[in-house]
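Worth knowing before you read on, the calculation uses all heavy atoms, side chains too, and leaves out hydrogens, waters and symmetry mates. We number each residue from 1, following the sequence as shown.
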Amino acid sequence: MGRKPKCTVEEKISAVEDYLNGIRSVSEIMVDLSIKSTRTIRDWILAYQNGE
């Protein structure tokens with residue numbers, strides 16, 4: 001069995017859009033969603049920009 005994702009797809013999209021629109025920084029997103037690595041957020045941003 002895989003582990004349950006900590007964030008929903010909607011939360012990830014919202015976080016990325018907030019970042020791209022200058023509403024929240026990567027650090028703010030990390031705190032808000034209890035993410036421990038900036039790499040995770042950066043991966044979400046790249047996936048969003050690549051239409052994945």
Under the side chain to side chain contact (heavy atoms under 4.5 Å, CB included) rule, what do Tyr19 and Ile29 come out as? Steps first, then yes or no, please. CA-CA 8 Å; Tyr19 172 77; Ile29 294 167; 3.8 Å; yes

Distance col, row Ser14:OG vs Ile23:CD1, nearest 0.5 angstrom, shows 8.0 Å

Assigning hydrophobic clusters by single linkage (Ile, Leu, Val, Met, Phe, Trp, Tyr; side-chain heavy-atom cutoff under 4.5 Å), is Leu20 placed with Ile35? yes

Which side-chain N or O atoms in residues 44-52 pair as donor and acceptor under 3.5 Å with protein atoms at least two apart or in another chain?
unit_1	atom_1	unit_2	atom_2	d
Tyr48	OH	Glu17	OE2	2.8
Asn50	ND2	Leu46	O	3.1

Test of understanding: with side chain to side chain contact (heavy atoms under 4.5 Å, CB included), list the residues that count as partners of Asp32, not counting sequence neighbours. Arg24

Do Ile13 and Val26 sit in the same hydrophobic cluster, where Ile, Leu, Val, Met, Phe, Trp and Tyr count as joined when their side-chain heavy atoms come under 4.5 Å apart? yes

I want to check something: taking the side chain as every heavy atom from C-beta on, are Lys6 and Leu33 in contact at a cut-off of under 4.5 Å? no

Shortest non-hydrogen separation from Ser25 to Glu28 and the atoms involved: N-OE1, 2.7 Å

